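Okay, structure first, notes after.
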Amino acid sequence: MLQISHGPQQARLIRRRLDELKAATILDEIRTLPQPRCHELTGDRSGQLSVDLNHPYRLLFRPYNNPIPLKPDGGLDWTKVTQIEILGVEDTHD
């Protein structure tokens, strides 16, 4: 198992973000919180989302509903995402 040390401050923030995600009944609830700054990623990370940690790190995840809930225009329907899969903690600017 790979272990990475982020230090106690980052570990607390990761735990807070995980708790926020767990407490939400739909993903749209996280979208309205200012501090996590939840947003969809683009390019080679299309289909993934992230929430802010200590810059430049982000907690990455993806919708895990089957099928992924989409709007008629093909965009993600945040109001119907009820399950996510955590992908990791990364600097998405590399």
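Predicted model, so just to flag it, every value in this text is computed and none were measured.
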Does CD in Q35 sit with more than 12 non-hydrogen atoms of other residues, nucleotides or ligands closer than 6.0 Å? no
Check this for me: does any side-chain nitrogen of one of D91 and R58 sit under 4.0 Å from a carboxylate oxygen of the other?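 No.
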Gap separating the [atom1] atom of [X] from the [atom2] atom of [Y], nearest 0.5 angstrom:
X	Y	atom1	atom2	value
R45	T92	CZ	OG1	6.0 Å
S50	R37	OG	CZ	6.5 Å
R15	K22	CZ	NZ	8.0 Å
D28	K80	CG	NZ	12.0 Å
L33	E20	CG	CD	6.0 Å
L21	R16	CG	CZ	12.5 Å

Within one Ile-Leu-Val-Met-Phe-Trp-Tyr cluster: [X] and [Y], side-chain cutoff 4.5 Å:
X	Y	answer
I84	I26	no
Y64	I30	no
V81	I68	yes

Looking only at non-hydrogen atoms, find the nearest pair between L53 and R17 and report the distance.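 Where L53 meets R17 most closely, the heavy atoms are CD2-CG, 3.7 Å.
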For G47 and P63, which heavy atoms make the closest approach, and how far apart are they?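 In terms of heavy atoms, the two residues are closest at O-CD, 3.5 Å.
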Could you please spell out the steps behind the side-chain contact (heavy atoms from CB on, under 4.5 Å) verdict for L49 and L27? CA-CA 10 Å; L49 297 99; L27 186 58; 3.8 Å; yes
Kindly state each residue pair satisfying ring-ring contact (aromatic ring centres under 6.0 Å, His included) with at least one member in residues 12-33, sequence neighbours excluded.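 Sorted pair list comes back empty.
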Step-by-step side-chain contact (heavy atoms from CB on, under 4.5 Å) determination, T79 to R31: CA-CA 10 Å; T79 65; R31 185 182 215 174; over 6 Å; no
In chain order, what residues pass the side-chain hydrogen bond (donor to acceptor under 3.5 Å, both in side chains) check against [X], with sequence neighbours excluded?
X	answer
T82	N65
E85	R62
T42	none

Do L59 and V89 have side chains that approach each other closer than 4.5 Å (heavy atoms only, starting at C-beta)?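 Side chain of L59 against side chain of V89, heavy atoms only: contact under 4.5 Å found.
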Let me see the working for E90 and Q48 under side-chain contact (heavy atoms from CB on, under 4.5 Å), right down to the final yes or no. CA-CA 12 Å; E90 294 184 33; Q48 298 179 10; over 6 Å; no
If hydrophobic residues (ILVMFWY) are linked whenever their side-chain heavy atoms come closer than 4.5 Å, directly or via other members, who joins L41 in its cluster?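 ILVMFWY cluster around L41 also holds L60, L87.
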Residues that Y57 engages under ring pair (Phe, Tyr, Trp, His ring centres under 6.0 Å), provided they are two or more places apart: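 Testing Y57 for ring pair (Phe, Tyr, Trp, His ring centres under 6.0 Å), a comparison that skips the adjacent residues, returns H6.
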